[in-house]
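I have placed the structure first, in the form of structure tokens, so that the comments after it can refer back to it.
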Amino acid sequence: MLEIVPVPAFSDNYLWLVHDSGSGETAVVDPGDPAPVLAEAARLGWHIRQVWNTHWHPDHTGGNLAIKEATGATVSGPASETIPGLDVALGEGDTIRLGEHVGRVIAVPGHTLGHIALVFEDDRIAFVGDTLFAMGCGRLFEGSPQQMYHSLQRIAGLPDDTRLYCAHEYTLSNARFASFAEPGNAAVADRLSNVERMRSNGEITIPTTVAQERETNPFVRSSDWQEFARLRAEKDSFRS
Ligand SMILES: [Zn+2]
């Protein structure tokens, strides 16, 4: 079984520690800041053997070298981006392993051009970086709306019960935008009130699931890339 523990960092990042109880191996996803990752791994008694990066942004890769130096971990990340300390270059169709658990790499360009997601199909788990957020999606820094729309559709096409681990706590702001974009969607209204309650209690709203995103994420629910592009532009200037 994979045990997944969030390590909050900066103002709203989650760095994910992933532990396979069978083999005793541990990986960390997108360690932007090394200190809290190493402290939490030590507290849990987990030894980090691998770093997995979804894209090059410093809040996702800034801890690579320090973690590598402290633990001897290998660094795997997107082949077409500049990743500090990269050992294993990943692209569409490649696999990563933690003990017996196998993750498949899918290319999800849009937020950055080389962005990848890591999909553990048998475990119903995916690490999606800054591509899909709960009720939202990443900004288009490098890719086109067409690319991002396709990337979101690939993630939303995973099995319903797949748990999606994204890299930021943006859910409340996204939920407010979703209720503006889809005022008649009862599932969005319900989720907004849940998220308001969770955040006022200081609770983490991640992971989300594919089923929840299909019901409440207006970007996933867009009928084509043009509608997606219009929503993304509206969200960029939306003040909740
Ligand atoms: Zn990013």
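Read the numbers this way: they start at 1 and go in the same order the structure lists the ligands and their atoms. Position 1 is the first residue of the sequence; numbering continues from there.
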Whether over 12 other heavy atoms sit under 6.0 Å from E196 CD: yes
Atom name of the N, O or S atom in D130 that lies nearest to the Zn ion (ligand 1): OD2
Nearest to the Zn ion (ligand 1) - the N/O/S atom of H57, by atom name: ND1
Near-ring test H60/H168, centroid separation under 6.0 angstrom: yes
Proximity of Y165 and W52 rings by center, below 6.0 Å: no
Heavy-atom side-chain proximity of P31 to N53 below 4.5 angstrom: yes
Name of whichever N/O/S atom of H111 is nearest to the Zn ion (ligand 1): NE2
N, O or S of H60 under 2.8 Å from the Zn ion (ligand 1): no
